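Here is the structure we will look at, set down as structure tokens.
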Amino acid sequence: MSLEDELLKQRLTRIHEIEALGHRPYGRRFEFSHTIPDILAAYSSKTAEELSPEMRVRIAGRLMTLRHMGKAGFAHLQQSGERLQIYVKKDIVGEPAFQLFKLLDIGDIIGVEGYLFRTRTGELSVHVETVEFLSKTLLSMPEKWHGLEDVEIRYRQRYLDLIANPEVRKVFVTRARIIASLRRQLEARGFIEVETPMMQPLYGGATARPFVTHHNTLDMDLYLRIAPELYLKRLIVGGLERVYEINRNFRNEGLSTHHNPEFTMLEFYQAYTDYRGLMDFSAELLEQAARDATGSAEVEYEGYKLDFSRIERYTMREAIIRFWEGEGCPTMDQVSSPEWLLSHSGKSNPGEALADIFERRVEEKLIQPAMIYDYPVETSPLSKNKPEDPAFVDRFEIYAAGMEIGNAYTELNDPQEQRRRFEMQLAMRERGDEEAHQMDEDYVRALSYGMPPTGGEGIGIDRLTMILTGSRSIRDVILFPLLRPEGPIGLAKQLRELDKL
RNA sequence: GGGCCGGUAGCUCAGGUGGUAGAGCAUGUGCCUUUUAAGCACAGGGUCGCGGGUUCGAAUCCCGCCCGGCUCACCA
């Protein structure tokens, strides 16, 4: 018999032994007096003399360490990522409870009642008087001091990762704080949260390849959305003048440390402002999110100190000049010259060439949080032209740690111009650009009813979370990142066979 | 998709140039009533990712495949 079968069998046997002692192997409700974090917060500073048997506690948690010493023993219970030691002595708990204690495996969930004291070595502990069994583990916990390091198992069995690696738990707590902070700030400014379709008959609002699915009764193909943008702006037309959505987008493209096929975006739209207004708002939003998540506007990422209280601003052309490395740094006249741009990029028009040069030469160097503004019209089918230069649009992107984390613009609200932009995209599509926008005629119709001047923005929650938690891979901030399917697990068969015994 | 690295006990990892598969933790048994990487003694546990090939002999060399990580390309 393999070790795995043997361990499973041992533990299934223990279930019967636990039952024989009058306990449920899978318990029910347990009324606790404190959580383990509560106790650590309240009593960590108390000396041995300040603790007394009157300080009774009733706690539950998962057993993470176990040290038997004949007629006594120590263990650590873990709850919410924090641990508290318990001390179980036969004289105190009595024979039956001590028998139960001897049957415990690391990973079991139990409840205990007793009083707080400090051991000879000074560790705050619970002097246990009663033990209640709450849930049996059948499988072994990860190794006790290396934790769980196999990256694949960490992602596939995130529950184990969360048990074994407290810092992983912290990342997801911080992620929740970031989202809560953004919601709070938006709500405080009168934005309302909405939900728009994830399954869309036409996809748009970004350039990306979509996932396709099918509705049987309607017998129609639907796309998983690549962005909620066009729906959110329909709501602006409808008079919901400040809306936001925090939800998933789906893009059928490569996977990498910075890309997961489903990812979370905040998109918000505010009537009667423009991209300048959004730049100011974004600066506040990000600084506050950083403070709420980490306690400071300065965060460390990959050895760099990023300061979200001083977000830099450059036009795209300024950024190319400022961050150019090596020979041939262009002048402002050059980056404004179609000939120079086309000679430095394989793209077919000056606008796309400018964006291409920026992406290749500048993007990864934008370590300090920065907003890059004034984008070429060719790369921005939904943004409003700059009145003084129609080749450019009122748009900015937010960068930090070399990653794009946000994108915003003054929304195009002229239906004729929007129609022309869609037609321009259709032409690109016919030339083979699969990612070019489709014509969304209902969206043009919505604009034709009149959309107030509006600023709109999207912020990538996963990437922002990476930066604010110091995570180098997007998979470290997504609880269940997409992986190839696992091979057969075989546990059901093992359990079925052991069930007969 | 390309390049590089990896897959050995439940977990974390060793295993120059081919020669009977190892350690620590975990597990089982015994001892141990303030230990904490508890300790001591003994024991069990492996399709060395999968499939071919070379060889008297392969965890080790060769080929193919699967899975994962990093990286480049595409993208947010």
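From a predicted model like this one, the values you see are computed outputs, not experimental measurements. Numbers restart at 1 for each chain; the letters A, B, ... are given by sequence-line order, proteins then strands.
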Is the phosphate of B/A76, meaning OP1 or OP2, less than 4.0 Å from a side-chain N or O of A/Thr207? yes
Distance between P atoms of B/C5 and B/C61 (Å, rounded): 13 Å
Salt bridge check, A/Arg472 against A/Asp476: does any charged N sit closer than 4.0 Å to a carboxylate O? no
Before you tell me yes or no, could you show the steps for A/Glu149 and A/His146 under side chain to side chain donor-acceptor pair (under 3.5 Å), namely the whole-Å CA-CA distance, both residues' side-chain angles and the distance that decides it to 0.1 Å? CA-CA 7 Å; A/Glu149 296 194 345; A/His146 293 96; 5.8 Å; no
Using a cut-off of 4.0 Å on non-hydrogen atoms, how would the nucleic acid contact of A/Thr65 be classed: base, sugar-phosphate, or nothing? nothing
With sugar-phosphate meaning primed atoms plus P, OP1 and OP2, does A/Asp462 contact a base, only sugar-phosphate, or nothing at under 4.0 Å between heavy atoms? nothing
Quick one: sort the A/Phe191 and A/Phe281 rings into parallel, tilted or perpendicular, breaks at 30° and 60°. parallel
Restricting to ring-ring contact (aromatic ring centres under 6.0 Å, His included), what partner residues turn up for A/Tyr155, sequence neighbours left out? none
Take the protein atom NZ of A/Lys102 and the nucleotide atom P of B/U29, then report the distance between them rounded to whole Å. 10 Å
Salt bridge between A/Arg158 and A/Asp161, side-chain N to carboxylate O under 4.0 Å? yes
What distance, rounded to whole Å, do you find between the two P atoms, one in B/A26 and one in B/C70? 31 Å
Using the C1' atom on both, measure B/G51 against B/C74 and round to a whole Å. 34 Å
P-based separation of B/U17 from B/C31 [nearest Å]: 47 Å
Quick one: A/Leu8 CG to B/G28 P, roughly how many Å, whole number? 14 Å
Yes or no on side chain to side chain contact (heavy atoms under 4.5 Å, CB included) for A/Lys90 and A/Phe101, after CA distance, side-chain angles and deciding distance? CA-CA 9 Å; A/Lys90 190 173 173 179; A/Phe101 178 68; over 6 Å; no
In terms of ring plane angle, is the pair A/Tyr443 and A/Phe422 parallel, tilted or perpendicular, where the classes change at 30° and 60°? perpendicular
When the distance from CD of A/Gln494 to P of B/G10 is rounded to whole Å, what number comes out? 11 Å
Touch check for A/Lys90, heavy atoms < 4.0 angstrom, all strands: base, sugar-phosphate only, or nothing? nothing
With no hydrogens and no angle check, just 3.5 Å: does a side-chain donor-acceptor pair link A/Arg431 and A/Ser348? no
Check every strand shown and say whether A/Arg472 touches a base, only sugar-phosphate, or nothing at a heavy-atom separation below 4.0 Å. nothing
Touch class at under 4.0 angstrom, heavy-atom based, for A/Ser256 against every strand present: nothing
All N/O pairs under 3.5 Å across the protein-nucleotides 25-27 of chain B interface:
| residue | atom | partner | partner atom | Å |
| --- | --- | --- | --- | --- |
| B/C25 | O3' | A/Lys144 | NZ | 3.4 |
| B/A26 | OP1 | A/Lys144 | NZ | 3.0 |
| B/U27 | O3' | A/Gln10 | OE1 | 3.4 |
| B/U27 | O2' | A/Gln10 | OE1 | 2.6 |
| B/U27 | O2' | A/Gln10 | NE2 | 2.9 |

So, A/Glu54 versus A/Ser52: side-chain donor-acceptor pair below 3.5 Å or not? yes
Tell me: CD1 of A/Ile163 to C1' of B/G10, nearest whole Å? 15 Å
Using only modelled atom types and a 3.5 angstrom limit, is any donor from either the side chain of A/Arg120 or the base of B/U34 paired with an acceptor on the other? no
Nearest listed nucleotide, side chain of A/Lys89, among B/G68, B/U33, B/U12: B/U33
Within the pair A/Arg484 and B/C66, is there a side-chain N or O less than 4.0 Å away from OP1 or OP2? no
Given the C1' atoms of B/U60 and B/A14, what is the spacing between them in whole Å? 14 Å
Can you figure out which of B/C13, B/G69, B/U35 approaches the side chain of A/Gln85 most closely? B/U35
I want to check something: taking the side chain as every heavy atom from C-beta on, are A/Ile398 and A/Pro369 in contact at a cut-off of under 4.5 Å? no
Side-chain contact check for A/Thr257: nearest option of B/A76, B/C70, B/U34 is B/C70
Look at the side-chain N and O atoms of A/Arg475 and state whether any lies under 4.0 Å from the OP1 or OP2 oxygen of B/C70. yes
NA contact type, A/Arg463, heavy-atom cut-off 4.0 Å: base, sugar-phosphate, or nothing? base
Base, sugar-phosphate or nothing for A/Asn260? Non-hydrogen atoms, less than 4.0 Å. base
Carboxylate-amine/guanidinium contact A/Lys136 A/Asp105, below 4.0 Å: yes
Could you state the atom-to-atom distance from NE2 of A/His146 to P of B/A23 in whole Å? 17 Å
Pick base, sugar-phosphate or nothing for A/Arg156, based on heavy-atom distances below 4.0 Å to the nucleic acid. sugar-phosphate
Between the side chains of A/Glu325 and A/Arg361, is the shortest nitrogen-to-carboxylate-oxygen separation below 4.0 Å, so that they form an ion pair? no
Can you measure A/Tyr399 atom OH to B/A76 atom P for me and round it to whole angstrom units? 9 Å
Both distances under 3.5 Å, Watson-Crick or G-U wobble: on that basis, could you give the dot-bracket string for RNA chain B, with [ ] for crossing pairs and | for other-strand partners? (((((((..((((.....[..)))).(((((.......))))).....(((((..]....))))))))))))....
With rounding to the closest Å, how many angstrom separate the P atoms on B/C48 and B/U8? 11 Å
Same-atom distance (C1') from B/G45 to B/A21, integer angstrom: 13 Å
Report the residue (A/Phe74 or A/Gly147) whose heavy-atom-nearest nucleotide on RNA chain B is the more 5′ of the two. A/Gly147
Quantified in whole Å, what is the C1' atom distance between nucleotide B/A59 and nucleotide B/G46? 11 Å
Interatomic distance where CZ belongs to A/Arg248 and P belongs to B/A76 [whole Å]: 19 Å
Do A/Arg317 and A/Phe392 form a cation-pi contact, if we require the NZ or CZ to be under 6.0 Å from the six-membered ring centre and within 45 degrees of the ring's axis? yes
Starting at CD1 of A/Ile153 and ending at C1' of B/G6, how long is that distance when rounded to a whole Å? 14 Å
For B/U34, does either OP1 or OP2 sit under 4.0 Å from a side-chain N or O belonging to A/Arg118? no
Categorize A/Gly406 for me: base, sugar-phosphate, or nothing, with a 4.0 angstrom heavy-atom threshold over every strand shown. nothing
Hey, does A/Glu123 reach any base, or is it just sugar-phosphate, or nothing, if we go heavy atoms under 4.0 Å? base
Does B/U34 have its OP1 or OP2 closer than 4.0 Å to a side-chain nitrogen or oxygen of A/Ser125? no
